There are 2 protein chains.
Amino acid sequence: MYSIREKNKINKRKCILEAAMRLFSKKGYEQTSIEELAREAGIGKGTVYSYFQTKKDIVRAFCEDELDYVRQELAENANLDTPLVEQLMIIFMAEFRHVSKNKEFGRLYLQEKILPREHHSAEDLEVQEQYFKLLYPIYQRAQERKELRTDLELLHISGHFYGLYLLMVSCWYNGMIPTEEIPEAMETMIRQTLEGLKP
Amino acid sequence: MYSIREKNKINKRKCILEAAMRLFSKKGYEQTSIEELAREAGIGKGTVYSYFQTKKDIVRAFCEDELDYVRQELAENANLDTPLVEQLMIIFMAEFRHVSKNKEFGRLYLQEKILPREHHSAEDLEVQEQYFKLLYPIYQRAQERKELRTDLELLHISGHFYGLYLLMVSCWYNGMIPTEEIPEAMETMIRQTLEGLKP
DNA sequence: AAACAAAATCGACCGCAGTCATTTTTGTTT
DNA sequence: AAACAAAAATGACTGCGGTCGATTTTGTTT
């Protein structure tokens, strides 16, 4: 069980996150100062920093919470026996939808996630690899169904599709692909990756 | 011909960039203040901002200058008739070498390039598409040699390989792949993309 | 060479992210 | 309930990125 202290901490953390999202959404990330955010959350400025290390960390926490939720939902409703392309589309589009709905936060979050500052612990590495392994069961079943070659490492397969995701997100942020064309483009690219670029 | 004024401007810009790289390399980007940088370059703080809009822009300009140079060299020494995998490896490894030699700058540069802040002009979009078209001649020749399917759009082909590049860079920054294993991993992934992931 | 407009330079100033010594709150012991 | 130690909260303060109006330099015209 959580002590009263711990419950309050968890609760206040949520308050800060909610206040942050209200203000960031209304005025934008850059235009919201920590002091203002603290006022909105009904606490002092310094207190914010005992819950989050930096301003960006607040965004990161929000996105991670949200994505954890999205992924859990997906895991619960997953059907490992639908065709691979379909499964990948459901997963990537869910993640993309979250990013595109929160364009500014998504950018800050992905920037740090894709190209992180020098990381310290071996723990960070573990987290990252965990992310790559998330889809392993899907790939294994697809291999069993002969939808994927069995002579490839799962890590590599994960890599290919993650690379495509990075590509699509980057193209979207660069304005090369409008939101409504993303699904089609994504599916095309997945299919081509499966078929190969060679004649 | 450039006027005296223009020559001075170009020259002073170079001075600032050189001072910046000296300090950033020695003390790191965050630890170097603009005021210090101005002192090193022998000018006032405000002057720096009539050459560059933001601190990050200084890094960006440095990386772009450098990469332009790398790309020009590659273009001159290119042999469009060597096998596609080989050509791609030369190009991507050249870019990657630049990034990995300047880890901190490379990160800041790529963060902005991959996931840029809301862009304004249609010009930015043009620049980005230009980058994708850079390798078109290579792909076309590869198609003629039957190394690539001809029923695919060149933009998509470019996308596939650029996606792989993003993947490798991200894995490297996340500490998942050490520098010396990048070439092997890169080549493996390129080959798999060509062959396809389907049995 | 004097007068002058345009361009370039400058540094005092502003707002904000992040720190830290001090104060307040909380839970426990006597 | 008084005393006390640990945890949490606080806001004055620091340093830096970026701005802007004042000042100097430059090139041109008379």
Side-chain angles (χ1 to χ4, degrees), chain A residues 1-21 23-24 26-62 104-105 107-109 111-112 117-118 120, chain B residues 1-21 23-24 26-62 104-105 107-109 111-112 117-118 120:
Chain A
M1 225 311 251
Y2 291 120
S3 72
I4 294 172
R5 270 221 170 112
E6 279 166 328
K7 270 192 281 187
N8 282 342
K9 261 210 130 173
I10 290 170
N11 201 43
K12 194 162 280 184
R13 190 191 128 102
K14 219 180 94 195
C15 282
I16 296 174
L17 276 180
E18 283 169 2
M21 287 316 115
L23 291 180
F24 289 170
K26 194 172 66 182
K27 317 181 46 189
Y29 173 80
E30 307 272 12
Q31 283 66 44
T32 305
S33 74
I34 294 287
E35 207 155 357
E36 201 177 354
L37 162 56
R39 214 179 306 126
E40 171 86 10
I43 58 176
K45 180 178 177 179
T47 309
V48 174
Y49 284 94
S50 64
Y51 287 83
F52 301 94
Q53 303 265 355
T54 68
K55 195 179 177 187
K56 273 189 186 169
D57 270 356
I58 299 174
V59 171
R60 192 155 57 78
F62 168 76
E104 199 175 3
F105 316 151
R107 211 185 95 253
L108 293 164
Y109 169 67
Q111 277 189 346
E112 287 295 320
R117 191 180 306 277
E118 201 75 48
H120 325 87
Chain B
M1 223 315 248
Y2 290 122
S3 72
I4 294 171
R5 271 221 168 112
E6 279 167 328
K7 269 193 282 187
N8 281 343
K9 265 217 127 167
I10 291 171
N11 202 41
K12 193 162 279 185
R13 190 191 128 101
K14 220 180 94 194
C15 283
I16 296 174
L17 276 181
E18 282 168 2
M21 288 314 116
L23 291 180
F24 288 170
K26 195 171 68 183
K27 316 180 47 187
Y29 173 80
E30 307 272 13
Q31 283 65 46
T32 303
S33 74
I34 294 286
E35 207 155 357
E36 201 178 352
L37 163 55
R39 215 180 306 126
E40 170 87 10
I43 59 176
K45 182 178 176 178
T47 308
V48 174
Y49 283 93
S50 65
Y51 287 84
F52 300 95
Q53 304 264 355
T54 68
K55 195 180 178 186
K56 273 188 185 169
D57 270 357
I58 300 173
V59 171
R60 191 155 57 78
F62 168 74
E104 200 175 4
F105 316 152
R107 211 186 94 253
L108 293 164
Y109 170 68
Q111 278 190 346
E112 288 295 321
R117 190 179 306 278
E118 202 74 49
H120 325 87

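Order of the sequence lines fixes the chain letters, A, B, ..., with proteins taken first and strands second; residue numbering starts at 1 for each chain. Keep in mind that this is a model prediction, so the values were computed, not measured. Computed from heavy atoms alone, side chains included, the values below leave out hydrogens, waters and symmetry copies.
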[N], OP1 or OP2 - any side-chain N/O from [X] closer than 4.0 Å?
X	N	value
K12(B)	dT9(C)	yes
T47(B)	dA8(C)	no
Y51(A)	dA9(D)	yes
S50(A)	dA8(D)	no

Positive for side-chain contact (heavy atoms from CB on, under 4.5 Å) with I58(A), one of F105(A), F52(A), Y51(A):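 When side-chain contact (heavy atoms from CB on, under 4.5 Å) is applied between I58(A) and each of F105(A), F52(A), Y51(A), only F52(A) qualifies.
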
Worksheet item: Crowded around K27(A) NZ? As in, over 12 foreign heavy atoms under 6.0 Å?
Response: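 More than 12 within 6.0 Å, yes.
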
Within 6.0 angstrom of E36(A) CD, more than 12 heavy atoms from elsewhere: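 Counting neighbours around CD of E36(A), more than 12 heavy atoms of other residues, nucleotides or ligands fall under 6.0 Å, so yes.
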
Worksheet item: Are the side chains of Y29(B) and K55(B) in touch, meaning some heavy atoms are under 4.5 Å apart?
Response: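 Yes, at least one pair of side-chain atoms sits under 4.5 Å.
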
Provide, to the nearest angstrom, the distance between the [atom1] atom belonging to [X] and the [atom2] atom belonging to [N].
X	N	atom1	atom2	result
R39(B)	dG17(D)	CZ	P	12 Å
E35(B)	dT19(D)	CD	C1'	14 Å
I34(B)	dA12(C)	CD1	P	17 Å
D57(A)	dG18(C)	CG	P	9 Å
K9(B)	dA7(C)	NZ	P	10 Å
E30(A)	dG18(D)	CD	P	10 Å
L37(B)	dC10(C)	CG	P	13 Å
Y49(B)	dT9(C)	OH	C1'	15 Å

Quiz item: Mind checking who dA8(D) pairs with, Watson-Crick or G-U wobble, both distances under 3.5 Å?
Solution: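 dA8(D) is paired, partner dT23(C).
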
**Request:** Sort out the partner of dT30(D) for me: Watson-Crick or G-U wobble, both distances under 3.5 Å, none otherwise.
**Result:**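 Here dT30(D) is engaged in a pair, and the nucleotide opposite it is dA1(C).
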
query = So what does K55(B) hit on the nucleic acid, given a heavy-atom distance under 4.0 Å: a base, only sugar-phosphate, or nothing?
reply =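 Answer is sugar-phosphate: K55(B) comes under 4.0 Å of backbone atoms only.
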
Between T32(B) and N8(B), which residue's closest nucleotide on DNA chain D lies nearer the 5′ terminus?
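Looking at DNA chain D, the more 5' nearest nucleotide goes with T32(B).
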
Should E112(A) and K56(A) count as an ion pair when the cut-off is N to O under 4.0 Å?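 Yes, this pair counts.
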
Measuring from the side chain of K45(A) (C-beta onward, heavy atoms only), which nucleotide among dG18(C), dT10(D), dG11(C) has the closest atom?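 That would be dG18(C).
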
